[in-house]
Amino acid sequence: MSAEKPNIVLILVDDQGYYDLGCYGATEVKTPRIDEMAGGGIRFTDYYAAAPICSPSRAGLLTGCYPRRVGNHVWVHRADSNTGIHSDELTLAELFKDNGYKTACIGKWHLGFHEPFLPQNQGFDHYFGLLHNLDPVETVYFEDVGGVPLQRDRDVVKRPADPDELTKLYTNEAIDFIEANKEGPFLLYLPHTMLHNPLGVSEEFKGTSQWGEYGDAIQELDHHVGRIIDVLKRLNIDDNTVVVYASDNGRGPGRNPQQKIRGRKLSTYEGGIRVPAIAWGPGLGLRAGISSPAVVRAMDWYPTLATLADIEIPSERVIDGRDLSPLLRGETDFVPPPGLKKSLNAGVPLRRRWEPDGEWGSLINRNQYNDAFFYHGSQGALAAVRWRNWKLYLNPSLALYDLTADPGESEIVRNPTILRKLRGMAILFQEEMRRDARPAGKVSVPREDGNTEIPETLLEQLDSRLGVTYARYGDRTLEMDLYRPKHSWGTLPAIVCIHGGGWANGTRANHGGVAQALAARGYVAATISYRLSGEAPFPAQIHDCKAAVRFLRANAEEFGIDSDHVGAIGLSAGGHLTALLATSAGVEELEGEGGNANFSSAIQAAVPMGAQTDFLSDRTREISAIDGRGKIWRQFLGGTQAEKFDTYRLASPLYHLDKNDPACWFITGEADDPSTHASVFRERMQQLEITTGLTVIEDAPHPFLGKQVWFDKMIETSNAFSRQNLKH
């Protein structure tokens, strides 16, 4: 086996049925190149797509999860959909990119069409293909703009896309990517648009099969799969490359008495979800010329390919895939249980919830449960469960089949013990998904007036605790509103949201939308009230911010908070307090007496927005002395800079900045004062080798949260930064 990290080529065909290759029994088509691949690799006879329909199937493949676990289990993403894979999910591409791989998606995406869901934001360095389907229910959305576009990254290459040329164009682009990255390692995801209707076949292959246009399209795909293998050999990297070929869902039943499978795409009969799958990598020690009856699933590729690339899946990821690498390498003829520890990611299934009650605990063991496959229909509902050779349908009534003896699912079997075991698995799975399923990514559709709105669909994803008292000063109480995503278990990073208002105005409601939008992305977000300058002089305001951080740490268990990862975000005066919170941990005069003194007020990431960070600057000195403009400064700090120099210094984030401070990312509007760029502050951070940066939102003024387009840019930026600094 090569000591280098292997290249990965993952070819996904759209809507190819189980029997529809020569190596699976087709006689109407010739598929010599794929058959040759099967002869040099391992062919699976009992391989299941994640779902019987496009989008959920792809979501399962790229996340290693049942589509239901990641909220992408119902039907498909149409052009008007506002959902996709959540940005907090770690896709296969992100996992490999984080470990030094060049990544490309070339072909049909179909996993969301708004910015957070695009391939480039889901781990792919390069994209070429169609984001959408070409069937009439989707092309109707593009009639007024010239048809569905063929794209390279974000540039339109051609409109409308021509289905007859897609298979060749995708393969050409894939070969260019392989050649450009031949030094490796690379991950190439090649999801073909074919064989989805409307079918497309180039002139070279029209009429070449005995199965009409469908057969012609299969033979063209076979030719171009061969081109991929050929280029790997020509570049002498075939011995260090794994190639996987599979279909995203079934198409139709068998065509002769020997081909028993029944059911079509969209159904949970075997013909709708059991599909061809081949793994080829003889140079890497993968078995050759083998047909495996092991029950494997699309989700299994995630941990398997990671192991082949010597990548350990991060410990916090809960996925449903199992590591097949011992099976692929011939170390076992089955998927070994985690306890045998036969591979790098063998233990990943043990991260799934396993809390069977007394009724099921004695009947089902954990390995059996992890090896079961749970069939979901095209509308996302659990329909059946398979374990070993047994398959149990749940609706409209319980029906048990032996798939080894009866692959056509024609004779119901009476076996009360097995029926009860599989029924118990289904009940345990339903409970697991009820408690642990994660939300899909969602974006809000802008209001006609362009103003910011937090959609009801997002609010429905959240649990909230409102009006929680976090500090008390005599009769004065300070409250926070907390939000966290529903159905998330374990601890999450926390973010304190600090409103603006010139230190003299505003309430925690001003940053409620910020807290809600961040919580939906996987945080415990708290928007806080604090004592304004009209009721208490500085440093009361920073005392309160620090008290809020300490309160969250003191109550981390109750709120499900990872107390080692707390951040802050705020706009204007709240931006200043965010920066000061980041730089003043341990400064005694700024800690205050807001309670929980035995907990730290230090934060691990800060996003100051529209913030002032240098209170000793000439600009601050001049403004503080101007009657009109300087009023908020004088009220906040008790006078002008000249009069209260020591107080201004104490309030200046730049003054406190040192090498122990956390990463800070600044956001400001293009039309805001240049001082909000925090140039001196960021330069000093760079000297201290602390992560920092600046995002300037185009056309935005100082108060930019009120417009949806600016708000969304802020959330996208702050989430990306917080994810890197609070979640890893």
### Closest non-hydrogen atom pair between Ala279 and Leu328, with its separation
CB-CD2, 4.1 Å
### Message
Quick one about Gln259 and Tyr24 (side-chain donor to acceptor, distance below 3.5 Å, no hydrogens or angles considered), yes or no?
### Response
no
### Task
State, to 0.1 Å, how close Leu308 and Pro6 come at their nearest heavy-atom pair, and which atoms those are.
O-CG, 3.2 Å
### Message
Less than 4.0 angstrom from a charged side-chain N to a carboxylate O is my criterion; do Glu173 and Arg152 meet it?
### Response
yes
### Task
Mind running side chain to side chain contact (heavy atoms under 4.5 Å, CB included) on Asn133 and Thr193 for me, showing each step along the way?
CA-CA 8 Å; Asn133 261 341; Thr193 296; 5.6 Å; no
### Message
Counting neighbours of CD on Glu312 that are heavy atoms of other residues, nucleotides or ligands and sit closer than 6.0 Å, is the number greater than 12?
### Response
no
### Task
Flag this pair as yes if the NZ/CZ of Arg251 is under 6.0 angstrom from the six-membered ring centre of Tyr19 and inside a 45 degree cone about the axis; otherwise no.
no
#### Entry: Salt-bridge contact Arg297-Asp300 (side-chain N to carboxylate O under 4.0 Å)
yes
### Distance-only polar pair, side chains of Asp320 and Tyr302, donor-acceptor under 3.5 Å
no
#### Entry: Close side-chain approach of Glu165 to Lys168, heavy-atom, < 4.5 Å
no
### Query
Quick one: do the Asp333 and Ser292 side chains pair a donor with an acceptor below 3.5 Å?
no
### Task
May I have the step-by-step check of side chain to side chain contact (heavy atoms under 4.5 Å, CB included) for Leu10 and Val244, ending in yes or no?
CA-CA 5 Å; Leu10 181 52; Val244 173; 3.6 Å; yes
#### Entry: Flag if over 12 foreign heavy atoms under 6.0 Å of NZ, Lys182
no
### Query
Within the side chain of Asn365, is there an N or O that forms a donor-acceptor pair under 3.5 Å with the backbone of Gln368?
yes
### Query
Does one side chain, of Thr268 or His376, offer a donor that lies under 3.5 Å from an acceptor on the other?
no
### Message
I want to check something: taking the side chain as every heavy atom from C-beta on, are Arg33 and His223 in contact at a cut-off of under 4.5 Å?
### Response
no
#### Entry: Aromatic ring pairing Phe177/His126, orientation class (parallel under 30°, perpendicular over 60°, tilted between)
parallel
### Query
Nearest heavy-atom pair of Tyr269 and Gly263: which atoms, and what distance?
CB-CA, 3.6 Å
### Test item: Gln120 and Asp153 side chains (from C-beta on) under 4.5 Å apart, heavy atoms
yes
## Note on the structure
Rounding to 0.5 Å, atoms CG (Leu95) and OG1 (Thr91) come to a distance of 8.0 Å
### Message
Applying side chain to side chain contact (heavy atoms under 4.5 Å, CB included) to Tyr523 and Ser722, what does each step give before you reach the verdict?
### Response
CA-CA 9 Å; Tyr523 307 90; Ser722 298; 3.4 Å; yes
### Message
Would Asp14 and Arg58 count as a salt bridge (charged side-chain N to carboxylate O under 4.0 Å, His left out) here? Give the steps.
### Response
CA-CA 10 Å; Asp14 200 333; Arg58 291 155 200 271; 3.1 Å; yes
### Message
Given 3.5 Å as the limit, does a donor-acceptor pair link the side chain of Gln219 with the main chain of Lys30, or not?
### Response
yes
### Summary
Rounded to the nearest 0.5 angstrom, the CG-CG distance for Leu195 and Asp15 is 7.5 Å
### Query
Where does the angle between the aromatic ring planes of Tyr369 and Phe429 fall among parallel (under 30°), tilted (30 to 60°) and perpendicular (over 60°)?
tilted
### Task
Report the relative orientation of the aromatic rings in Trp211 and Tyr214; use parallel for angles under 30°, tilted for 30 to 60°, perpendicular for over 60°.
perpendicular
### Query
Between Arg287 (side chain) and Leu327 (backbone), is there a donor-acceptor pair under 3.5 Å?
yes
### Query
Within the distance-only criterion (no hydrogens, no angle test), does the side chain of Asn72 pair as donor or acceptor with the backbone N or O of Arg68 below 3.5 angstrom?
no
#### Entry: Aromatic plane relationship, Phe374 with Tyr66 - under 30° parallel, 30 to 60° tilted, over 60° perpendicular
perpendicular
### Task
Kindly say whether Pro116 contributes a backbone atom to a donor-acceptor pair with the side chain of Gln122 at under 3.5 angstrom?
yes
### Test item: side-chain donor near acceptor, Thr31 and Asp35, under 3.5 Å
yes
### Query
Hey, what's the ring geometry for Phe124 with Tyr189, parallel, tilted or perpendicular (30° and 60° as the breaks)?
parallel
### Check against salt bridge (charged side-chain N to carboxylate O under 4.0 Å, His left out), Glu89 and Arg317
CA-CA 9 Å; Glu89 297 297 339; Arg317 302 312 302 174; 3.0 Å; yes
### Task
Please report the C-alpha distance between Arg274 and Asp46 in whole Å, then the side-chain angles of each, then the deciding distance to 0.1 Å, and finally whether the salt bridge (charged side-chain N to carboxylate O under 4.0 Å, His left out) criterion is met.
CA-CA 7 Å; Arg274 196 199 294 196; Asp46 291 59; 3.7 Å; yes
### Query
Between Tyr48 and Tyr375, is any side-chain donor less than 3.5 angstrom from a side-chain acceptor?
yes
### Message
Is it true that Glu115 and Asn121 share a donor-acceptor pair across their side chains at a distance under 3.5 Å?
### Response
yes
#### Entry: Short side-chain donor-acceptor distance under 3.5 Å, Asn172 and Arg227
yes
### Task
Look up atom CZ in Arg386 and atom CG in Leu403, then write down how far apart they are to the nearest 0.5 Å.
4.5 Å
### Message
Among Thr63, Ile313, Asp98, which residue satisfies the side chain to side chain contact (heavy atoms under 4.5 Å, CB included) criterion with Leu90?
### Response
Asp98
### Task
Using the six-membered ring wherever Trp is involved, compare the ring planes of Phe44 and Trp301 and label them parallel, tilted or perpendicular (cut-offs 30° and 60°).
perpendicular
#### Entry: Close side-chain approach of Val318 and Asp436, heavy atoms under 4.5 Å
no
### Message
Would you say that more than 12 heavy atoms from the other residues, nucleotides or ligands in this model lie under 6.0 Å from the NZ of Lys265, or not?
### Response
yes
### Task
State which residue, out of Asn7, Ile178, Thr103, fulfils the side chain to side chain contact (heavy atoms under 4.5 Å, CB included) condition with Leu188.
Ile178
### Message
Check Lys342 with Glu331, please: is the shortest side-chain N to carboxylate O separation under 4.0 Å?
### Response
no
### Task
Classify the side-chain pair Tyr245/Gln16 by whether it contains a donor and acceptor separated by less than 3.5 Å.
yes
### Query
Considering only heavy atoms from C-beta outward, does the side chain of His192 approach that of Lys108 to under 4.5 Å?
no
### Query
Can a donor-acceptor pair be found between the side chains of Ser202 and Asp164 at a distance below 3.5 Å?
no
### Query
Measuring from Leu190:CG to Ile106:CD1, what's the distance to the nearest 0.5 Å?
6.5 Å
### Query
Please walk me through it: do Ile319 and Met299 pass side chain to side chain contact (heavy atoms under 4.5 Å, CB included)?
CA-CA 8 Å; Ile319 66 171; Met299 298 83 74; over 6 Å; no
### Task
Could you tell me whether the side chain of Ser267 and the main chain of Arg264 form a donor-acceptor pair under 3.5 Å?
yes
### Task
Would you check, one step at a time, whether the test salt bridge (charged side-chain N to carboxylate O under 4.0 Å, His left out) holds for Glu94 with Lys97?
CA-CA 5 Å; Glu94 288 171 316; Lys97 184 175 180 177; over 6 Å; no
### Message
Under a plain distance cut-off of 3.5 Å, with no hydrogens placed, do Ser209 and Asp216 share a side-chain donor-acceptor pair?
### Response
yes
